[in-house]
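If you read the sequence from its start, that first residue is 1, and numbering goes on from there. Only this structure's heavy atoms are used, side chains among them; waters, hydrogens and symmetry mates stay out.
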Amino acid sequence: MTDSKYFTTTKKGEIFELKSELNSDKKEKKREAVKKVIASMTVGKDVSALFPDVVNCMQTDNLELKKLVYLYLMNYAKSNPDMAIMAVNTFVKDCEDPNPLIRALAVRTMGCIRVEKITEYLCEPLRKCLRDEDPYVRKTAAVCVAKLYDINAQLVDDQGFLEQLKELLSDSNPMVVANAVAALSEMNEASITGSPLIEMNSQTINKLLTALNECTEWGQVFILDSLANYSPKDDREAQSICERITPRLAHANAAVVLSAIKVLMKLMEMLPTDSDFVTTLTKKLAPPLVTLLSTEPEVQYVALRNINLIVQKRPDILKHEMKVFFVKYNDPIYVKLEKLDIMIRLASQANIAQVLSELKEYATEVDVDFVRKAVRAIGRCAIKVEQSAERCVSTLLDLIQTKVNYVVQEAIVVIKDIFRKYPNKYESIISLLCENLDTLDEPEARASMIWIIGEYAERIDNADELLESFLEGFHDENTQVQLQLLTAIVKLFLKRPTDTQELVQQVLSLATQDSDNPDLRDRGFIYWRLLSTDPGAAKDVVLAEKPLISEETDLLEPTLLDELVCHISSLASVYHKPPNAFVEGRPGLRKSLPARNENTSASNVPQAAVIPAPQESLIGDLLSMDLTTPAVVPTSVQPPSVDLLASGLDSLLTTSDLPAASSSNTGLLGDIFGFTPTPVSYSPPKQLWLPSENGKGLEIMGTFSRKNGQISMDMTLKNKAMQPMSGFAIQLNKNSFGLTPARPLQVLNPLLPTASYETSLPLATTGLVQRMEPITNLQVAIKNNIDVLYYACIIPMNVFFIEDGQMDKRVFLKTWKDIPAENEVQFTLKNVLCNTEAIVLKMSQNNVFTIAKRHVEGQDMLYQSLKLTNGNWVLNELKIQPGNPNITLSLKLLAIEVAQGVFQAYDAILHS
C-alpha cells in the first residue's frame, strides 16, 4: 500500500461540492450551483478556484444562467486573465446569437472585463453590434465604446469606433442617440487632449433635439448636458433651441428640469436682455423651480442650492415667489438655512414687510443656529433695502428686549453693520445696547460692542468706564476683542485726550509689552509712534472716514458664478465650488457662460466674428505670392533654433519687397561697426496692480515685457507704510501658459518707508497649467514681513510670441487649409496710421513674421505667422487699403480662445 492515503481526505469541502455540481449533467443542478457561487462571491468568499468550471457553464441557452456566469466573469477575469481567454470564443459566438438580449449581454460583459488580452478580441464583435439591426444591442454597444476608450483610447481611435459612435447620433431610435451622447460625453471628460471629440453643429443639435422628446428621463439628461456645451451661431438659433427645450421644464424628474434650466440659462446670455422672448422665458422658469420645493427634503436642498446660483445670476426669475421660500415648521435645519439665504437675496422694497414679519417669527424659534441666522438676516435686509432700515432696527430692538443671550449678541453684531451703512442715523439706540454689556460673552459680539463704544465715544458719557471694564481681563480676551479694544481706546483718547491719557497708556503697555501676539503688538507700536510723533496724523489715520459697507457681502465672484451656472444640476452647484476643487485627476477645461450679446458702445474691443467659408479662395494661390522676409532681426539675440536656409526659403529671399535693414535707426553706423540692431518689442506702460490701501502700505505698479527670448515681470515696489518692509517673496497661481518665476524676487532689503524699488523678475513657462478667464489672467501672491498680499493682473499676449514663429510658406498654406473654417475669426483694427512696410517692421520686432504679400484689387494682403510659448500656431491675414486707417485682421488657429488676446496684441503694437 502506498503513502497516497496521507494526501487524500474523505471530507468534502464546500469548493469541492460546488465543483462537482458545476460539472453535473443536469441543467437545473448546474444553475443552482452557479447561484451558490455568485452568493458566495457576493458575501466576499474567494471562489476564483472555480473559474474553469464556471466558464464551462457559459455554453447554454438558458439566459438566466448565462447572466450569472457573465457576472462571475466580470468579477474574476482581472485576477485570472489567462483563464479568461477561454471565454472569448463563447463571447464572439454570443455576439451573433439570434436573441438580441444575449448579443447585448455578451458585448456588455466584454466591455466590463478590463483585461488587455480580451480587449483585442472585442473589436470585431463590437463593430458588428454597433451596426446591429436591434436598437437594444446598438445602445448597449454605444456604452461599450466608452468603456473600451477608458481601457485603451488609442485602440478606439485606430479601429474607427469614434466615427461609428458619431453615426449613432443620427440613429432612428432615441435611446440609441441618448446612449451615444452619454458615451461621447464620458469620453470627452476622459480625453487627455482636453479638446472635444465631436464638434457640435446645427445638424447634430437638430437630431439631438428630435430624440429628446422620445427617450427616457436619463437619456434626456445626457442630451441636455450635451446641448449645454453647444454655442449657437446666432440669436435665432439660440431662440429656436430654447423653444424646443422649454417643454422639459414640466418633466416629473428633477434632474431633467434642472438640466433644462441650465441650458436655458446659458442660451439666455446670448439673447438681448430687453427682448420679449427673454421676458417670457424668465416667467416660464419660475413654476418648475417652485415645484421642486414640494418634493422630499433632500431634493429640496439640492434645488435650493441651485436656486441660490440662479437668483444671484437672474434675480428677476423668482422675484414674485417669495412665499414659497418661507420656512415650514417641519423643514430640516439644512433646508431652513438655505431658504433663509434665498429670502435675503430676493428681499426688495415690495416684499420687505412680509420678509421682516417672517424673520421676526423665526427669531423666536428653538433652534439656536436658525435663530442666529434669522437675526443676521434682519440686519442684512436693513443694509440691502434702505427704506426698511428703520423697521429693521425697531425689530432688532424688540428682539434685544427679549433678553435671550444669543439673540442679543447677534443683534449687536448686525447693528454695528447698520451703523456702518447709515452713519449718524440710528445712534440714539446706543444707550439701550450698553445696558446689555454684561451679558456679552461671544468674541464677535464683544468686539462689535467695543467698536460701537469707540466709534461713538463722544456721545457716551461713561465710554471710558465701559472700555476700562473690558480692559480688566485683557489677556483673557480673544485676539479679535483685544485688537478692537486697542483701537477703541485710541479713538477715545483722540476724541477726549484730557481724561483718558492714563487709559491709553495702560492699553498700549498691555499690547506692546505684555502680549505675545505679533498683530496686536505691531498695531500697538504703530499707535504709540503715531501718538508720540504726530497726533494730527494719528487723528487722520484712526478717525478717517470709513467707506460704506456693501449690500451683498456673500455673493459669489462673477467668473465663479458663471462657471457654476454651467454646472447646474451637478455636485458643483451644490458645493458652490468648481469641479476641479473637489474632483481628483485632470482639471479639464473650465466652462463659462458666453459673453452677453448686447449692442453697447461702451466697449472699445470689437467681438470676434466667424468668417464664412468662401474666404478660403483668397489664399488659394499662396504659393505664387512674393515671399516677404522681415529685414529686422527677431527680438532674441540668440540664433533661431531652426535652420531657415534648410527649408528652401533662401532662394526666395531676393524677391522681398519689404524695407531693407538699412532703414533701421542705426543706419550706416551699424554697417560700419558690424553690429546688428536689436529691435525693441512692445511693452505696455506700467499699471497699478496693487494699491497701497489693499497692500497694507505696499504699492506695486508693473508691466510685462519680452527681452532676449525671456518673459519678464517689471515692477516698481513703493513702501507707503510707516515701517520698513523686508523678506519679499513671490508666487504665481496656476495659469493658462504655465508662467512661474525663473528665480526668487530680488528687492532692496529692507525697503524703507517712502522708498521705491524697481525690479525685473524673469519668468519661465514650465509651471502648472490651468485655463483662466480671461485666458491671460494671472493671480499673484507677494509676501513680506507684514503679510501675504494678493492681486491679479492681465498679461499682454505679445509676450508669449516666441522667436521661432516663422513658418515655411508651403507649410503655411497647408496649415491654413487644414484648420476648419469655424476656427477663422475676423477683427477690425481701427485708426492704424502705418503703411504696409511699417506694419511688417513693427510686427517682426514682436516675433510676428510675414510669410507672403500680394496686391489684390487695390489693397495689400499680408500673411503672417506667430507661435506661442505653449506651441500653438496662429496664422494671420491682414487686408490693408491705402488711405483707409481701418485694417481687417483675420486669424486662423486651433486654440480659438487666444484669438481675442492676439487681436489686442496687434491693436496695442500698431498703435504704439
Side-chain donor-acceptor contact under 3.5 Å, K233 with S202: yes
task: Output the distance between atom CG (L258) and atom OG (S570), rounded to the nearest 0.5 Å.
output: 10.0 Å
Heavy-atom check, side chain of T246 versus side chain of L249, under 4.5 Å: yes
query: Does the K892 side chain pair with the main chain of E824, one donor and one acceptor, at a distance under 3.5 Å?
result: no
- prompt: Given L564 and S573, is the side chain to side chain contact (heavy atoms under 4.5 Å, CB included) satisfied, shown in steps?
  reply: CA-CA 6 Å; L564 292 178; S573 65; 5.7 Å; no
- prompt: Are side-chain heavy atoms of H576 and N308 found at a separation under 4.5 Å?
  reply: yes
- prompt: Nearest heavy-atom pair of L169 and V177: which atoms, and what distance?
  reply: O-CG2, 3.7 Å
message: Nearest 0.5 Å, please: how far is CZ in R248 from CG in L264?
response: 11.5 Å
- request: Using atom types as modelled and distance alone, determine if a side-chain donor or acceptor of N870 lies under 3.5 Å from a backbone N or O of F737.
  value: no
- prompt: When rounded to the nearest 0.5 angstrom, what distance separates CG in L875 from CG in L891?
  reply: 9.5 Å
query: Is it true that a side-chain atom of R103 and a backbone atom of P98 form a donor plus acceptor pair closer than 3.5 Å?
result: yes
- prompt: From I38 CD1 over to T42 OG1, what is the distance, rounded to the nearest 0.5 angstrom?
  reply: 6.5 Å
query: Within the side chain of Q220, is there an N or O that forms a donor-acceptor pair under 3.5 Å with the backbone of C215?
result: yes
message: If we ignore hydrogens and angles and just use 3.5 Å, is the side chain of Q770 paired with the main-chain N or O of N735 as donor and acceptor?
response: no
Verdict with supporting geometry, M187 and L162, side chain to side chain contact (heavy atoms under 4.5 Å, CB included): CA-CA 10 Å; M187 289 158 67; L162 199 56; 3.4 Å; yes
query: Any Lys/Arg nitrogen of R314 or E269 sitting under 4.0 Å from an Asp/Glu carboxylate oxygen of the other?
result: yes
message: Quick one: does any side-chain atom of S259 pair with a main-chain N or O of A255 as donor and acceptor, under 3.5 Å?
response: yes
message: Parallel, tilted or perpendicular: which one describes the rings of Y334 and Y301, with boundaries at 30° and 60°?
response: perpendicular
message: Does F161, at its CZ atom, have more than 12 non-hydrogen atoms belonging to other residues, nucleotides or ligands within less than 6.0 Å?
response: yes
- prompt: Under 4.5 Å between any side-chain heavy atoms of N872 and V898, yes or no?
  reply: no
query: Would you say the side chains of N206 and R244 form a donor-acceptor pair under 3.5 Å?
result: yes
message: So which atom in L267 and which in P232 form the shortest heavy-atom distance, rounded to 0.1 Å?
response: CD2-CG, 3.4 Å
- prompt: Distance-only, no hydrogens or angles: does the N733 side chain make a donor-acceptor pair with backbone N or O of Q779 under 3.5 Å?
  reply: no
statement: Output for pair (L212 CG, I223 CD1), nearest 0.5 Å, gives 5.5 Å
query: Does a sphere of radius 6.0 Å around CG in L571 hold more than 12 heavy atoms from other residues, nucleotides or ligands, not counting ones at 6.0 Å or beyond?
result: yes
Whether S240 side chain and R236 backbone form a donor-acceptor pair below 3.5 Å: no
- prompt: Of all heavy-atom pairs between G219 and A178, which one has the smallest distance, and what is that distance?
  reply: CA-CB, 3.5 Å
Candidate pair V565 and I568, rule side chain to side chain contact (heavy atoms under 4.5 Å, CB included), full reasoning: CA-CA 5 Å; V565 167; I568 282 175; 4.1 Å; yes
query: Ignoring hydrogens and geometry, is there a side-chain-to-backbone donor-acceptor pair from S736 to M772 under 3.5 Å?
result: yes
query: L165 versus L184: any side-chain heavy-atom pair under 4.5 Å?
result: yes
query: Is the shortest heavy-atom distance from the side chain of S294 to the side chain of Q300 under 4.5 Å?
result: no
task: Answer yes or no: is there an ion pair linking E338 with R305, defined by an N-O contact shorter than 4.0 Å?
output: yes
message: Are more than 12 heavy atoms, taken from residues, nucleotides or ligands other than E237, located less than 6.0 Å from that residue's CD atom?
response: yes
query: If you take all heavy atoms of P135 and V176, which pair is closest and at what distance?
result: O-CG2, 3.4 Å
- request: Check for a donor-acceptor pair, side chain of D132 on one end and backbone N or O of K128 on the other, with a separation under 3.5 Å.
  value: no
Side chains of V145 and V156 in contact at under 4.5 Å (non-hydrogen atoms): yes
- prompt: Under a 4.5 Å cut-off applied to non-hydrogen side-chain atoms, are K262 and D225 in contact?
  reply: yes
Donor-acceptor side-chain pairing of Q239 and D235 below 3.5 angstrom: no
field: Nearest heavy-atom neighbours spanning L130 and A142
entry: CD2-N, 4.0 Å
- request: For the residue pair L105 and R108, establish whether any side-chain heavy-atom pair is separated by less than 4.5 Å.
  value: yes
- prompt: Can you name the nearest heavy-atom pair linking S569 to N306, along with the distance?
  reply: N-OD1, 3.0 Å
task: Quick one: do N253 and W218 satisfy side chain to side chain contact (heavy atoms under 4.5 Å, CB included)? Show the steps, please.
output: CA-CA 9 Å; N253 188 307; W218 297 113; 3.7 Å; yes
- request: Mind checking the SG-OH spacing from C129 to Y136? Nearest 0.5 Å is all I need.
  value: 12.0 Å
query: Is any side-chain N of the basic residue among R771 and E773 closer than 4.0 Å to the acidic one's carboxylate O?
result: yes
Residue pairs, two or more places apart or on separate chains, that pass side-chain hydrogen bond (donor to acceptor under 3.5 Å, both in side chains) and touch residues 169-180: R138-D171, S170-K207
